[in-house]
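All ligand and atom numbering here is 1-based and tracks the order in the structure. Because only heavy atoms are used, hydrogens play no part in the values below, and waters and symmetry mates are left out as well, while side chains stay in.
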Amino acid sequence: MASLRLVLGDQLSRSLSALEDLDPGADRVLMVEVHEETTYVRHHPQKIILVLSAMRHFAGELEKRDIPVDYVRLDDPDNSGSFTGEVKRAVERHSPERLVTTWPGEWRVLEAMRGWEDELGIPVEIRPDTRFLSQPEDFAAWAEGRKSLRMEYFYREMRRRTGWLMDGDEPEGGQWNYDPENRKALPKGHQPPDRQRFQVDDTTRGVIELVKERFDGHFGDPEPFEWPVTRRQALMALRAFVANALANFGDYQDAMKQDGDFLYHSLLSTSLNIGLLEPREVAEATIEAYRAGDAPLAAVEGFVRQVLGWREYVRGLYWLKMPDYADGNFLRAQRKLPEFYWSGDTEMNCLRQAIGNTRRHAYAHHIQRLMVTGTFALLAGIRPKEVEEWYLIVYADAFEWVELPNVHGMALFADGGLLASKPYAASGSYIDRMSDYCSNCRYRVKDKTGPDACPFNYLYWDFLIRHEERLRGNPRLGMPYRNLDRMSVERKEQIVTDAERFLDSL
Ligand code: FAD
Ligand code: DLZ
Ligand code: SF4
């Protein structure tokens with residue numbers, strides 16, 4: 001055989017670089033379900049179902065096009081359980097001249113791949129992942145010599161490079177960023193559209209049963225399982241988002257609502273991250289809606305910034321800074337992850353809502369991830385590695401290249417400000433402003449201290465007091481520190497006492 005083309009579970013794109021120049025008469029695709037990937041963390045059952053079902057559908061689609069696929073199932077008795085073991089076995093079966101694959105999404109997998117030439121005794125070609133709109137070396141060139149790596153400037157460069165939402169050399173509408181218009185709470189009684197749901201077919205049903213049997217005890221409900229698992233379904237999800245939600249995406253991007261699991265979010269991250277959709281087509285579909293007058297500029301710019309800006313930026317940062325990036329702990333956070341992150345058993349309604357959403361769908365939207373579970377972990381000083389593992393486990397879209405910078409850098413400020421210019425610390429009033437959670441909570445968001453006060457309130461000030469040495473010099477924290485300076489000694493003592501009492505009870 002000429003070449004063996006390895007396709008991983010998050011590389012399910014017909015345009016994948018490993019599949020370029022494939023000769024169906026001489027080459028073969030290799031796809032492997034392996035124990036190591038299904039268990040390197042105790043993934044939410046829906047994440048395993050998503051990846052395995054999408055892999056099986058993708059293999060079927062390749063075969064329909066007469067591309068030979070060697071597909072190893074998880075329950076194959078000879079399955080060695082790892083990428084390295086399965087690649088070795090496949091090389092023994094097929095004696096290819098070379099192995100071709102695409103740059104993976106996680107450092108640990110790249111490390112394994114780098115040892116394959118020696119182990120297999122054949123050339124191993126690791127091709128760039130051209131589905132992204134920028135490559136790690138582009139990011140490294142952009143970052144070179146810069147004191148700070150703010151996403152906003154990277155994003156502007158990407159806008160210029162793609163020409164998206166540009167008017168010549170200027171941004172469409174005269175502004176690069178319409179975020180200030182994108183921070184509205186949902187009006188009372190407002191009903192966001194329902195999520196597009198996908199029927200479970202026989203392939204997915206088979207995987208659901210396998211996962212229920214093998215991964216019983218993992219956090220999260222396996223069913224109802226409603227994620228797209230084929231390209232056709234993913235395209236339907238994209239069309240549904242553009243038609244039903246995009247126009248309001250900007251306004252309500254930061255909003256949260258009791259039992260509002262999805263609001264106006266696109267729910268496209270799972271499809272993007274496993275390759276059923278490409279970022280280019282997703283962004284272009286939204287820009288087309290703007291040009292057709294179907295969505296306002298602020299909404300479309302807000303969405304494009306997530307896909308062209310944040311998504312590409314976090315990947316660039318990940319590959320620039322790994323493997324050391326994962327080891328930072330700027331704020332020396334050492335507390336254990338509270339049990340309620342798994343059980344949802346807490347009287348804090350905002351956390352109960354975000355964790356419940358996560359358990360039901362392997363999904364929570366950005367502000368729930370950042371300003372509820374993320375901010376709480378930041379304020380409470382939870383050990384970054386434990387928080388990172390939680391996020392990698394519980395979300396169906398979690399792959400380390402995107403999860404780690406978002407948790408370590410954005411939510412926890414564990415990189416000391418490489419990604420974020422200040423910690424995303426906030427008191428309960430932020431959650432109260434952006435949601436209706438507080439009116440359904442046992443705690444009182446207006447109370448600042450005492451047993452009934454919202455814990456976010458005293459934890460916020462306690463956080464600033466605890467980290468004064470590290471954070472007072474941050475120019476973006478000037479105002480809160482000035483407010484802290486105006487507080488009486490007794491008030492500060494009360495804050496510290498309340499915070500200690502609460503944290504000890506976790
Ligand atoms: P929308 O709100 O509709 O956004 C559109 C798209 O923009 C998303 O599908 C996603 O591809 C992209 N996007 C938006 N924000 C980001 C971001 N900060 N970084 C990268 N891409 C972004 N995203 C993941 O894909 N996987 C993760 O494991 C992940 N972990 C996160 C952990 C934390 C603590 C935080 C704060 C954010 C995390 N994000 C992660 C980013 C973001 O929250 C999710 O991409 C988003 O919630 C997915 O839902 P959606 O498709 O409905 O997104
Ligand atoms: C997440 C995941 C799971 C659960 N299982 C598999 C698998 O059995 N086979 C596979 O090829 N990929 C799987 N994946 C996705 C991989 O973990 C992912 O490709 C690597 O982490 C690199 O990003
Ligand atoms: Fe969360 Fe505090 Fe509001 Fe309760 S009062 S929902 S703990 S922010």
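Under the ring pair (Phe, Tyr, Trp, His ring centres under 6.0 Å) criterion, Trp164 pairs with no residue, sequence neighbours left out. Under the rule for a side chain to side chain contact (heavy atoms under 4.5 Å, CB included), the partners of Glu152 that lie at least two apart in sequence or sit in another chain are Tyr155, Arg156, Trp176, Asn177, Arg305.
Residue-ligand proximity, Gly105 to ligand 2, at heavy-atom distances under 4.0 Å covers atoms 22 (C), 23 (O). The atoms of ligand 1 that sit less than 4.0 Å from any heavy atom of Met410 are 18 (N). The contact set between ligand 1 and Leu272, taken as ligand atoms under 4.0 Å from a residue heavy atom, comprises 9 (O), 11 (O).
The closest approach between Phe241 and ligand 1 stays at or above 4.0 Å for every heavy atom of the residue. Proximity of Phe303 to ligand 1 is established by a heavy-atom distance of less than 4.0 Å. Contact between Leu74 and ligand 2 is absent, with no heavy atom of the residue lying under 4.0 Å from the ligand. Residue contacts with ligand 2: Trp401 is excluded, as none of its non-hydrogen atoms falls under 4.0 Å. Heavy-atom distances between Tyr313 and ligand 1 stay at or above 4.0 Å for every pair.
Sorted by first and then second residue, the salt bridge (charged side-chain N to carboxylate O under 4.0 Å, His left out) pairs with a member in residues 401-417 form an empty list; sequence neighbours excluded.
Under 4.0 angstrom from ligand 2, the non-hydrogen atoms of Met55 all belong to its side chain. For Val51, every heavy-atom contact with ligand 2 shorter than 4.0 Å involves the side chain, none the backbone. Contacts of Tyr391 with ligand 1, taken as heavy-atom pairs under 4.0 Å, involve the side chain alone. Counting heavy atoms closer than 4.0 Å to ligand 1, residue Thr373 contributes nothing at all.
Counting only heavy atoms of the protein, atom 53 (O) of ligand 1 lies nearest to Ser266 OG, 3.9 Å. When hydrogens are left out, the protein atom nearest atom 15 (N) of ligand 1 is Gln306 OE1, 3.4 Å; that is the closest non-hydrogen contact.
Which of His366, Met371, Gln368 comes nearest to atom 43 (O) of ligand 1 through a heavy atom is settled by distance: it is His366. Of the candidates Ile274, Asp10, Asn79, Asp10 brings a heavy atom nearest to atom 18 (C) of ligand 2. Between atom 5 (N) of ligand 2 and the options Arg108, Gln11, Glu37, Glu86, the minimum heavy-atom separation is to Glu37. If you check each of Leu277, Asn406, Val407 against atom 17 (C) of ligand 1, the one with the closest non-hydrogen atom is Asn406. Of the listed residues (Tyr363, Trp401, Tyr424), the one carrying the non-hydrogen atom nearest atom 49 (O) of ligand 1 is Tyr363.
Protein N/O/S atoms nearer than 2.8 Å to atom 2 (Fe) of ligand 3 total 1.
Any N or O atom pair closer than 3.5 Å counts here, and Phe399 shares no such pair with ligand 1.
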